[in-house]
There are 2 protein chains.
Amino acid sequence: MAKQYVYLFKDAHGLGKEILGGKGAGLAEMTSIGVPIPPGFTVTTEACTLYHENEGKMPDYLIAQVDEGIKEVEKQTGKSFGGVDASKVPLLVSVRSGARVSMPGMMDTILNLGLNDTSVEELAKASGNERFAYDSYRRFILMFTNIAKGWPRTDMDKMLEEIKEKNGYKLDSEVTAEQLKELVKTYKEYYKKTFNEDFPSDPYVQLHEAVEAVFRSWDNPRANVYRKMNGIPYEWGTAVNVQSMVFGNLNENSGTGVAFSRDPSTGKKQIYAEYLPVAQGEDVVAGIRTPLHIDELKKRMPDVYDQFVKTITSMEAHYKDMQDMEYTVEDGKLYFLQTRNGKRTAQASLQIAFDLLDEGVIDESEAVLRVEPQLLDSLLHPTFDTTDLKSHTPVATGNPASPGAGVGKLAFDAKDAEKRHVNGEKVVLVRAETSPEDIEGMVAAEGILTMRGGMTSHAAVVARGMGKCCITGCSAAIVDEENKTLTINGKVYTENDTISLNGSTGDVYDGALKLVEADTSTGNFGRLMALADKYKRLSIRTNADTPRDALQAAKFGAEGIGLCRTEHMFFNKDRIFHMRKMILSDTTAEREAALAELLPYQREDFYGLYMSMKDLKEINVNIRLLDPPLHEFLPQEEDKIEELAKATGKTVQEIKDRIAYLHEFNPMMGHRGCRLDVSYPEIGRMQARAIIEAAIKASKELNREIQPEIMIPLTLDVKEFKFVKKVITDECDKVLAENNFTMKYHVGTMIEIPRAALLSGEIATEAEFYSFGTNDLTQMTFGFSRDDATKFLPDYYNNKIFEFDPFQTVDQKGVGKLIKMAVKDGKEVNERLLCGVCGEHGGDPRSIEFFNRVGLDYVSCSPFRVPIARLAAAQAEIKLEREKNK
Amino acid sequence: MAKQYVYLFKDAHGLGKEILGGKGAGLAEMTSIGVPIPPGFTVTTEACTLYHENEGKMPDYLIAQVDEGIKEVEKQTGKSFGGVDASKVPLLVSVRSGARVSMPGMMDTILNLGLNDTSVEELAKASGNERFAYDSYRRFILMFTNIAKGWPRTDMDKMLEEIKEKNGYKLDSEVTAEQLKELVKTYKEYYKKTFNEDFPSDPYVQLHEAVEAVFRSWDNPRANVYRKMNGIPYEWGTAVNVQSMVFGNLNENSGTGVAFSRDPSTGKKQIYAEYLPVAQGEDVVAGIRTPLHIDELKKRMPDVYDQFVKTITSMEAHYKDMQDMEYTVEDGKLYFLQTRNGKRTAQASLQIAFDLLDEGVIDESEAVLRVEPQLLDSLLHPTFDTTDLKSHTPVATGNPASPGAGVGKLAFDAKDAEKRHVNGEKVVLVRAETSPEDIEGMVAAEGILTMRGGMTSHAAVVARGMGKCCITGCSAAIVDEENKTLTINGKVYTENDTISLNGSTGDVYDGALKLVEADTSTGNFGRLMALADKYKRLSIRTNADTPRDALQAAKFGAEGIGLCRTEHMFFNKDRIFHMRKMILSDTTAEREAALAELLPYQREDFYGLYMSMKDLKEINVNIRLLDPPLHEFLPQEEDKIEELAKATGKTVQEIKDRIAYLHEFNPMMGHRGCRLDVSYPEIGRMQARAIIEAAIKASKELNREIQPEIMIPLTLDVKEFKFVKKVITDECDKVLAENNFTMKYHVGTMIEIPRAALLSGEIATEAEFYSFGTNDLTQMTFGFSRDDATKFLPDYYNNKIFEFDPFQTVDQKGVGKLIKMAVKDGKEVNERLLCGVCGEHGGDPRSIEFFNRVGLDYVSCSPFRVPIARLAAAQAEIKLEREKNK
């Protein structure tokens with residue numbers, strides 16, 4: 001016997017969303033608690049998988065189950081499907097998708113299915129409304145043609161428009177029954193001409209094709225994009241819900257609408273609903289008619305309204321969350337068509353969670369789970385005024401690389417941006433793409449727009465670190481850096497023009513949009529963070545290279561600095577010269593002399609970082625030694641090389657020779673990280689000295705204990721680690737002795753090379769802490785660089801090989817396996833080994849859930865991700881506890 | 001109580017080489033079987049480690065044990081150390097290194113230790129030879145100064161020369177006792193001036209310093225280089241052997257020499273020995289005097305000679321292998337000073353193994369173990385005539401990238417080499433470095449010399465594949481490709497000059513050296529290979545891209561092709577144009593048209609490969625789909641771009657734009673391997689068609705079954721594999737249907753990305769075979785590219801972080817862990833999964849031992865490594881079996 005793929009709503013309760021989809025599960029559950037819903041059945045998500053695996057055909061045994069479902073619905077309703085039995089009212093059905101999680105608007109729906117030349121007449125009779133019957137029929141033919149057959153609706157829309165034009169009608173409702181009858185004929189002729197076959201009158205044929213169309217819509221491009229964005233696996237598939245139609249457009253005692261059990265925008269505890277008399281839901285969705293306030297229903301049918309309020313209240317009580325419902329009134333009888341947990345704004349999300357908590361509906365841990373961590377982001381950045389935003393149309397769209405809003409005049413290079421910023425001008429930095437030399441310009445700008453680059457390009461990563469609004473890869477914005485122009489759709493913008501950037505959507509606007517400052521001190525926000533801290537196990541640190549970032553992160557609740565990338569400190573123009581001199585050195589002595597010039601700067605940097613943590617319980621600052629290959633610091637441009645030659649006394653040729661010598665085929669896999677310290681221990685020695693000297697100074701000044709953490713990057717072998725560690729500890733001990741000062745310090749390593757993870761059992765005998773550098777670890781484990789992968793990853797998404805970006809959410813199967821292994825092997829030989837993560841993934845909620853599960857001790861993320869990480873860490877631990885208690 | 005670090009020879013038997021070192025173990029064993037050896041003791045290898053860990057000082061308890069050892073030797077010999085007890089003959093000792101494996105000439109030795117102003121007189125008295133005593137003393141001072149104190153011997157050698165000059169002496173032996181006495185004084189003054197302290201007269205002080213000096217010599221640069229070359233771990237350390245001196249230079253009844261129990265050059269069963277009367281071993285080693293034939297000993301002391309022959313015979317019988325011994329006759333008494341298994345030529349190695357087998361001394365499996373696989377290499381390539389080689393001095397030395405000998409006139413570009421080769425000229429291809437476009441020139445050349453590049457550069461890898469002599473990275477050879485000159489030490493060579501290359505040593509010679517052809521058909525070679533095949537479990541395949549290579553490999557016993565890299569086929573000038581057209585295509589249709597032009601070439605290539613295997617039992621040919629990133633195929637030079645523009649009808653700018661678009665930051669981690677097939681399935685489709693069409697043609701022609709193996713490179717996910725596999729199998733099935741032909745074919749993958757190894761349990765459900773691409777897997781696992789690593793790996797060797805090149809011998813801890821895991825997980829879900837390896841490591845004996853151990857089914861290596869791999873595979877399996885039976 002074949003597996004059961006079809007369940008009546010009334011029999012399906014308890015099967016769950018995995019099988020029934022969200023909508024199907026909701027309908028089953030509503031049925032079980034007595035909410036009035038039109039009868040129907042669900043074709044399961046497993047049937048969807050079956051359909052796709054069966055090369056896009058439903059097997060006969062599946063068709064048989066669907067047909068059986070219809071027969072049951074005929075029994076429940078007493079109606080006849082497609083009006084075959086003329087003695088009964090015709091049964092019409094809707095056919096809708098329903099995935100495990102809501103994917104609004106992504107898939108297809110067909111209404112009024114079951115209409116044909118016979119049943120339309122019966123419907124006209126039964127409803128006493130011929131115009132309604134034929135309008136339903138023509139809509140069905142249009143939807144079927146468009147969705148089941150995948151044919152564009154343009155021609156058919158035009159046919160209706162022509163009737164309206166010829167007769168001087170303005171509204172669809174002016175079209176008469178007779179004219180609609182004619183239109184149905186025209187539609188059917190068009191259908192026959194197009195597909196070389198008659199429009200199917202057999203309601204079962206209609207149904208089978210419609211179900212298949214919904215299955216197919218799981219694989220349409222917009223669904224695929226949505227899934228990728230939201231990390232929904234393709235395998236899940238969608239269920240199909242076949243439900244008997246009720247008609248909100250049947251007569252004056254009919255209508256339709258949507259309702260929220262609380263206000264989705266503010267979270268206020270009051271029903272938020274609309275009612276549109278004499279209409280089908282479609283009219284609302286399509287925006288053809290504007291719904292009225294719910295008072296309209298109260299006015300027209302007070303009894304129905306009372307039942308409406310009571311049902312909504314009971315549904316919310318049942319689901320213990322704010323519900324978003326569709327309902328229809330047919331000839332004075334109320335039906336609910338679907339319910340789901342309602343989408344809400346960040347503000348509403350917090351409000352509702354705490355109201356439900358305070359009402360005693362949910363407990364604390366549940367309240368913590370109720371707020372989507374990503375939502376918090378919108379509460380941290382200045383945003384555009386919603387009304388103003390609605391009245392503007394974007395002129396271009398790029399990658400929403402770093403959220404927030406930025407408004408300013410155009411600056412085409414970093415120096416210019418800096419200068420104008422100092423002069424009090426608000427500027428937006430516009431570049432083809434950014435490089436490390438642009439950093440100070442990025443700090444000065446209100447936002448950053450680049451023509452090239454993805455979500456993980458230099459601009460994107462740095463901007464997110466700063467919490468600065470940024471849009472990358474906006475290919476419609478053609479940047480001419482030389483002539484200082486930006487061209488969008490042929491319009492040329494110059495330095496005096498203003499644009500607005502919405503980093504949350506990637507939209508670029510002409511002119512200045514109105515800004516609203518973010519308010520992070522509201523009671524709910526603080527209350528949520530306090531609860532999160534109560535439930536989380538992971539510590540949350542921040543990745544910060546400057547006191548400015550560190551202070552911002554501390555304000556957001558960071559418990560320390562998990563990663564300070566020292567290389568960013570060398571791009572400042574006072575320092576880069578010494579850095580370059582160091583790189584151009586021919587002897588160790590020369591190199592040491594140049595390093596000595598860098599020492600005071602580094603010491604000041606680190607001192608600043610220690611001081612920025614002074615209000616925290618512990619002063620935890622993890623400083624990573626120099627990481628990038630040296631060639632990244634050398635100039636490329638002829639004039640800059642000449643300048644450098646003059647300044648260093650080297651010849652231009654000597655400098656070019658050094659640049660050529662340092663050239664690498666694969667810089668990602670080149671002479672970088674601790675490999676630099678193996679070749680030039682004096683570099684690590686200078687950095688160790690700067691760290692300890694800074695820590696001594698801060699410790700004395702604050703009269704507090706500081707235990708510096710020194711992180712060795714790119715380790716791949718325990719002997720390598722020992723070698724560099726000895727260089728570091730020798731110098732640290734020397735500095736402490738010179739200062740006659742006692743201080744504990746810790747030396748650990750990044751785990752970012754697969755071999756390091758594989759050999760963790762050895763490395764952990766020497767290392768005091770691990771910080772998983774999941775960016776590089778992902779690159780090495782996958783064998784692709786994120787810069788180069790942008791060219792082929794789209795093909796991987798399109799072909800469903802990847803369903804999410806492994807640089808955004810950690811790959812649990814591969815990279816995660818290495819992390820799990822490394823933590824286990826490492827803690828086995830060194831139970832005091834502190835394990836954290838400091839890649840981009842440290843701020844990603846799904847990744848944080850994984851990190852919590854495998855036993856990391858902390859995550860470190862960019863300052864503006866800290867609140868998100870705190871909440872995600874709490875949710876992760878709550879979920880884990882619940883699993884354990886199962 | 002402290003651990004025992006010092007063992008008398010007579011008490012040490014059975015402790016093994018790990019503790020005693022090779023020499024110490026030999027002395028202990030000889031003592032135990034009654035060979036006459038001077039008494040002494042061994043300071044263990046563990047003491048060496050202790051010394052180095054103790055920051056280069058011997059702890060007191062170790063010193064005490066050493067002193068105790070001397071006391072015991074005094075008892076055994078009845079002599080007095082350093083002549084303290086004037087009533088006894090003075091005890092002098094030698095202090096020699098002795099590592100676990102022999103490292104000839106790499107470490108230091110001090111003789112005559114114990115001499116001082118007192119004991120020298122006693123020695124003079126005891127020997128009745130004052131000149132001998134003072135010559136011994138001055139030698140000791142010189143050695144002590146040079147080795148224990150690390151001071152250059154130049155000045156002291158000069159002092160002796162001055163005496164000889166002043167007196168008109170030609171030989172050292174003409175210097176008189178009085179003059180030697182004076183010289184000792186001069187030496188001691190020199191010592192005092194240099195070190196600001198008296199030369200130590202206390203024999204214990206002398207001893208302690210000497211032992212420490214030997215420990216230190218474990219860490220000298222030449223020892224480190226030797227260890228790296230031979231894969232000897234630093235941790236092993238060296239033992240020190242302290243042995244009472246016997247004097248071959250005591251009187252006319254004394255002498256010294258070396259002896260082999262069989263001829264080390266031919267393997268012939270006859271004692272091969274030399275005797276030098278009135279001399280110490282040092283004289284022989286330093287080449288100061290030329291030893292005489294052993295008949296000299298027979299003539300002078302027939303009894304001693306008889307004992308000599310008897311002892312040698314019994315020692316060989318005991319060790320069951322040809323012995324290399326040092327012996328000394330002191331005043332008519334025979335002593336052996338050391339014995340070890342003798343080094344031998346490849347030819348002798350085979351001869352001895354089979355003679356011992358035939359004599360019934362060893363069994364078959366032992367005979368297989370007796371031949372060092374690497375030695376076979378010298379039997380496969382033409383070599384230089386040994387005598388002629390000795391009479392020439394190299395003018396430059398580079399990396400011995402591919403063994404063999406090459407003699408020819410200089411050709412500075414590939415085309416030129418090809419043309420001149422066709423005209424019958426013998427040429428050597430000389431390039432700054434080679435690129436894939438040079439391949440046909442490399443085929444045409446007798447040998448290849450490059451100025452840049454390491455052991456794994458393009459030239460090196462390709463040349464080894466061809467079995468062509470090649471020297472890379474010869475930086476003293478300055479190549480000016482434009483002006484067609486090669487400059488070495490100021491001498492300019494042009495196209496008409498001839499050079500000779502020794503690919504086995506890296507030496508470059510001016511002029512033409514005499515060549516001797518290799519003979520691989522000798523009986524012993526064939527017999528060894530037959531035995532190897534009997535004992536090995538692994539199959540041996542070859543990496544071959546051309547029928548020429550494939551035939552060569554088949555001749556050497558390859559059982560199939562394990563890797564055909566299809567990309568090498570596209571560089572031929574007829575094809576590269578179509579390849580470039582394909583890459584420049586703007587549409588799929590355009591690309592398919594260009595691919596259609598390439599199809600006939602590919603089909604012919606594959607047909608040729610199948611036919612080249614026709615004499616083998618099975619026709620196994622594994623063809624890998626296109627692997628490198630596309631930009632590698634595009635021209636870089638302006639003129640070639642223009643040429644291409646004309647030929648394709650594109651503009652120069654369009655081509656440059658495409659080149660710029662295809663540019664990658666890290667090409668190793670870029671758009672390559674199966675990623676190309678995901679983006680452009682038509683490429684894989686063309687290759688699949690070519691493979692199947694070729695296989696059908698060959699199968700029909702040979703009337704034999706062929707089961708093509710199609711390998712997907714760079715897989716990292718099972719979905720990716722499934723996607724590409726479907727592209728391939730759809731096309732294969734289509735081709736078979738078109739031809740109405742039935743044929744099994746297999747689709748598998750390279751495992752060369754860490755993630756693929758980690759997810760093997762999933763990938764193996766779809767893949768029919770794995771081939772570990774250990775080159776890339778090593779790069780990704782270590783996170784460095786081999787091209788870029790050449791810059792910092794020397795620092796890793798110097799600092800003893802790495803002790804061998806992971807691209808030469810597989811890294812068992814990291815890469816090996818992944819391989820082991822992948823094989824286990826893969827075979828668990830798919831027991832028929834065929835697992836092989838096709839990286840450079842497939843031809844490395846130590847790696848093969850590992851691959852055999854973890855259960856691979858085959859290794860694939862370049863044609864000239866096939867015999868080595870066969871032997872190594874047999875040895876691996878024999879060792880494994882022995883372990884199991886332990």
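Every chain is numbered from 1, with letters handed out A, B, ... down the list of sequences.
- At a 4.5 Å heavy-atom cutoff, the contact between A:Phe723 and chain B is made by side-chain atoms alone.
- To the nearest 0.5 Å, atom CG of residue A:Leu716 and atom CZ of residue B:Phe802 are 4.5 Å apart.
- Of residues 677-684 of chain A, those residues lying under 4.5 Å from chain B by any heavy-atom pair are A:Val678, A:Ser679.
- Without hydrogens or angle criteria, A:Lys817 side chain to B:Leu758 main chain gives a donor-acceptor distance under 3.5 Å.
- The CZ atom of A:Phe665 lies 9.5 Å from the CE atom of B:Met668; values are rounded to the nearest 0.5 Å.
- In this structure, the portion of B:Lys800 lying under 4.5 Å from any heavy atom of chain A is its backbone and not its side chain.
- Interface remark: B:Asp811 contributes side-chain atoms only to the contact with chain A (heavy atom separation under 4.5 Å).
- If you measure heavy-atom distances from A:Gln779 to chain B, the contacts under 4.5 Å come from both the backbone and the side chain.
- Summarising the geometry, atom CZ belonging to A:Phe784 is positioned 8.0 Å from atom CZ belonging to B:Arg755; distances are rounded to the nearest 0.5 Å.
- Rounding to the nearest 0.5 Å places CG of A:Asp788 at 9.5 Å from CZ of B:Arg675.
- Between chain B and the residues A:Arg672, A:Lys722, A:Glu752, A:Glu762, the largest count of heavy-atom pairs under 4.5 Å involves A:Glu762.
- Among B:Ala756, B:Gly673, B:Gly814, the residue making the largest number of heavy-atom pairs under 4.5 Å with chain A is B:Gly814.
- Neither the backbone nor the side chain of B:Phe721 has a heavy atom closer than 4.5 Å to any heavy atom of chain A.
- Checked by atom type and distance alone, the side chain of A:Lys791 never pairs as donor or acceptor with a backbone atom of B:Gly670 at under 3.5 Å.
- Ranked by heavy-atom pairs shorter than 4.5 Å toward chain B, the options A:Asp795, A:Leu676, A:Val815, A:Ile801 are led by A:Ile801.
- Looking at A:Leu662, the atoms closer than 4.5 Å to chain B (heavy atoms on both sides) all sit in the backbone: N, CA, C or O.
- Side-chain atoms of B:Asn666 never come within 3.5 Å of backbone atoms of A:Ser785 as a donor-acceptor pair (strictly under, hydrogens ignored).
- Heavy-atom pairs under 4.5 Å with chain A peak, among B:Val718, B:Asp717, B:Leu759, at B:Leu759.
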